[in-house]
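Inspection log for the structure reproduced underneath, given as structure tokens.
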Amino acid sequence: KQEVTQIPAALSVPEGENLVLNCSFTDSAIYNLQWFRQDPGKGLTSLLLIQSSQREQTSGRLNASLDKSSGRSTLYIAASQPGDSATYLCAVRPAGNTGKLIFGQGTTLQVKP
Amino acid sequence: DVKVTQSSRYLVKRTGEKVFLECVQDMDHENMFWYRQDPGLGLRLIYFSYDVKMKEKGDIPEGYSVSREKKERFSLILESASTNQTSMYLCASSSSWGLLEQYFGPGTRLTVT
């Protein structure tokens, strides 16, 4: 059974710091991996999607990498800002599945001014 | 721009009431999903649908039913609401082709008293 783990559960950093959020999954048979952002009381916003054949994706200050064989993904945030404070969730789509995502518990990030 | 909307942001219902949560997407997506999100348990899939009038059970379907009469609309029904169904409910949609990226609505915070 696929399980997704995100460590740490919470992170507090000063503004301007570069940081890495981690996501690990137990079964390497995935179709893709998606990173989301969730603000308190709100829905999920898709940040980046990495296909199983890709190694990384970039969007602005965000860079997500994928190492399928070791079951790991990282989300790198450069030059963090207070507006980046949110919960970040990763989710894997198992291979051969119609659409179900398996979510991690999330990492809650606080960026202090 | 991609758009998933949910009928209510906040809802308060009494135990035993029948509750309808509606989700509408404007992207002509084949797949639609209902999740619930609870502290410490993360996001869990309740039901999903990959076509009109088609549905499949997710991880926690007990106490819920769904309806998809039109492609753009997916309804979640709580036949007889109970206090343990107090939660944040999130709807999502995705295409059956290409990246299969999943897009989420803003969520409905349901309180059952």
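- Scanning all heavy atoms of the two residues, the minimum distance from B:Gly42 to A:Gln105 falls at N-OE1, 3.5 Å.
- If you chain together hydrophobic residues whose side chains sit under 4.5 Å apart, B:Tyr47 and B:Tyr50 never meet in one group.
- Cluster membership for B:Leu76 and A:Leu44, using ILVMFWY side-chain heavy atoms within less than 4.5 angstrom, is not shared.
- Once rounded to the nearest 0.5 Å, the distance linking CZ of B:Phe104 with CG of A:Leu89 reads 8.5 Å.
- Following chains of ILVMFWY side-chain contacts shorter than 4.5 Å, one cannot reach A:Phe25 starting from A:Val20, and the two form parts of different hydrophobic clusters.
- In this structure, no portion of B:Arg44 lies under 4.5 Å from any heavy atom of chain A.
- At a 4.5 Å heavy-atom cutoff, the contact between B:Gln37 and chain A is made by side-chain atoms alone.
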The test is side chain to side chain contact (heavy atoms under 4.5 Å, CB included); show your working for B:Leu90 and A:Gln38 and say whether it passes. CA-CA 12 Å; B:Leu90 292 160; A:Gln38 185 176 31; 4.2 Å; yes
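- With a 4.5 angstrom heavy-atom cutoff, A:Ile102 does not touch chain B via any of its atoms.
- A:Lys100 is not listed as a side-chain neighbour of B:Glu56, based on a closest heavy-atom distance of 4.5 Å or more.
- The hydrophobic clustering, which links ILVMFWY residues whose side-chain heavy atoms are closer than 4.5 Å, places B:Leu78 and B:Phe74 together.
- Linking Ile, Leu, Val, Met, Phe, Trp and Tyr residues whenever their side-chain heavy atoms come within less than 4.5 Å places A:Leu21 and A:Leu47 in a single cluster.
- Between the B:Glu101 side chain and the A:Leu49 main chain, no donor and acceptor come within less than 3.5 Å of each other.
- Note: A:Phe36 CZ to B:Leu43 CG = 9.0 Å, rounded to the nearest 0.5 Å.
- Between A:Lys42 and B:Arg9 the shortest side-chain heavy-atom distance falls below 4.5 Å.
- In this structure, OG1 in A:Thr45 is found 11.5 Å from OH in B:Tyr103, a value given to the nearest 0.5 Å.
- The local environment of CZ in A:Arg61 is crowded, with over 12 non-hydrogen atoms from other residues, nucleotides or ligands closer than 6.0 Å.
- Contacts with chain B were tallied for A:Ser46, A:Ala9, A:Ala91; A:Ser46 has the most, counting heavy-atom pairs under 4.5 Å.
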